[in-house]
Amino acid sequence: MTSWKKWTSALLAAGIIVGSGAVWQDNSVQAASVTSKVTASTDVTLKSAGKTLTQKGLLLGGSTWVSLTAVKDVAGGTLTYNAKTKEYALTAANNTMRISLADGEPTLRVNNYYPNVEAKLIKGRLYIPFSAMRDYLGVQGSWNGKTKTLALSKVEQNSVKVKAATVKVSIKNAEVDIQYPQVSGLASDEAEAAINKVLKDEVDTFVADFKKQTAEYGSATADRPYAFESTYVVTYNENGVLGLVTQRYEDYAGAHGMTTRTGHTFALDTGKELSLDDVLQNNKSMRETLGKKVGEQLKARGGYLEGYNGLNKDQDFYVTPTGVVVFFQLYEYTAYAEGFPEFPFTYKELLPKGTEPFSGVTSEK
């Protein structure tokens, strides 16, 4: 079994593959959703640059779906198919979305990160929800409910390149696949170096910990190998700010492995890593309100254990094109099977009326 398949199977079995998924829908496209159960699809007209695309979208299951070829036409980038592995790969906006058909049903991942997003194979054509285009491939949309038309366009993103770097680690009977993000193309060499140092130091710390743990646990066996894997996904790249989620998975042949996630939000002009307070523009009352709302939702969920007393000083979060997602680690406040509890809030909810996200935080627009 390949490393990523083993990882996917383990996490799916534990029910902990959780990401932003279809939660984030622009208000303009939310109108395309339906409240009743959908048993049949409705055609959606797709437009880009004022022209009608030959491909049709679908209104299905309460979401707007777009074929992979149409996604490529709008997002640009490259779309390839590997007949041996039965896998499509679409690269755009510093992410590579891969859809595998190896097991019959489509399995979707982004840079080996598994968001809570599914792909559908309908009449021989692959479709993904519009939300996945917006969150990971740099495409925005405007919905016209009267004509059932979705106008798609590329988002104006920062001129920064994010590529995967690797670390080679050789440990007997251990499957190691380490990929972490590094940036290039910034106007400031100092800012670029500062961001890359944070990301490199993070993965180096986890590699050192993995080596220490394997030494303490002793050698793994061929039939019960250890595993250490890391990956990332770009969640935001606009307005002079770069948002990322990095993820690490460790398995020492126990009952199950352990996954850790970290959200990173960087100002590209200075290289500074922004805190939740920075994103909230140091609005103390909003932070308290946010903490209360998160607590209410957290305690209302199944699997809540105990211990929540408000947001942490260094609260885990990440940013998306439409808002902020506050999240907690496995076991932090909930049972393992609940995965990573995530609580999305739109910028409109968090910022004063008329305030643009990250205004005052960065000079690069």
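- For residues 47-58, there are no salt bridge (charged side-chain N to carboxylate O under 4.0 Å, His left out) pairs, not counting sequence neighbours.
- Between the side chains of N283 and S285, at least one donor-acceptor pair of N or O atoms lies under 3.5 Å.
- Counting all heavy atoms, side chain and backbone alike, Y232 lies closest to Y113 at O-CB, 4.0 Å.
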> How far apart are the C-alpha atoms of Q182 and Y180, what are their side-chain angles, what is the distance that settles it, and do they pass the side chain to side chain donor-acceptor pair (under 3.5 Å) test?
Replying inline: CA-CA 7 Å; Q182 292 285 269; Y180 66 97; 4.6 Å; no
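- Checked against salt bridge (Lys or Arg N to Asp or Glu O under 4.0 Å), K197 has the following partners two or more places apart in sequence or in another chain: D201.
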>> I'd like to know whether T235 forms a side chain to side chain donor-acceptor pair (under 3.5 Å) with T320, so could you lay out the CA-CA distance, the side-chain angles of the two residues, the decisive distance to 0.1 Å, and finally the verdict.
In response: CA-CA 5 Å; T235 63; T320 75; over 6 Å; no
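- Aromatic ring centres of Y336 and H256 lie closer together than 6.0 Å.
- I122 places none of its side-chain heavy atoms less than 4.5 Å from the side chain of S41.
- Pairs passing the side-chain hydrogen bond (donor to acceptor under 3.5 Å, both in side chains) check and including a residue from residues 306-317, sequence neighbours excluded, read N312-E332, D316-Q329.
- Between D278 and K272, at least one side-chain nitrogen of the basic residue sits less than 4.0 Å from a carboxylate oxygen of the acidic one, meeting the salt-bridge criterion.
- Both tests pass for R261 against the ring of F340: distance under 6.0 Å to the centre and angle within 45° of the axis.
- A cation-pi contact, defined as under 6.0 Å to the ring centre and within 45° of the axis, is absent between R248 and F210.
- Across T78, N112, T80, T91, a single residue satisfies side-chain hydrogen bond (donor to acceptor under 3.5 Å, both in side chains) together with T96, and that is T91.
- Nearest heavy-atom pair, Q179 versus A164, reported as atom, atom and distance to 0.1 Å: OE1-CB, 3.8 Å.
- Every residue was checked against the salt bridge (Lys or Arg N to Asp or Glu O under 4.0 Å) condition with D73, not counting sequence neighbours, and none meets it.
- Taking 4.5 Å as the limit, some side-chain heavy atom of F358 sits within range of a side-chain heavy atom of V279.
- Sequence neighbours left out, the pairs with a member in residues 66-85 that pass ring-ring contact (aromatic ring centres under 6.0 Å, His included) are Y81-Y88.
- Nearest heavy atom pair, residue S230 against residue V203, reads OG-CG2, 4.0 Å.
- Listed by first and then second residue, the salt bridge (charged side-chain N to carboxylate O under 4.0 Å, His left out) pairs that reach into residues 115-124 are E118-K120, sequence neighbours excluded.
- Around atom CD of E156, no more than 12 heavy atoms belonging to other residues, nucleotides or ligands sit under 6.0 Å away.
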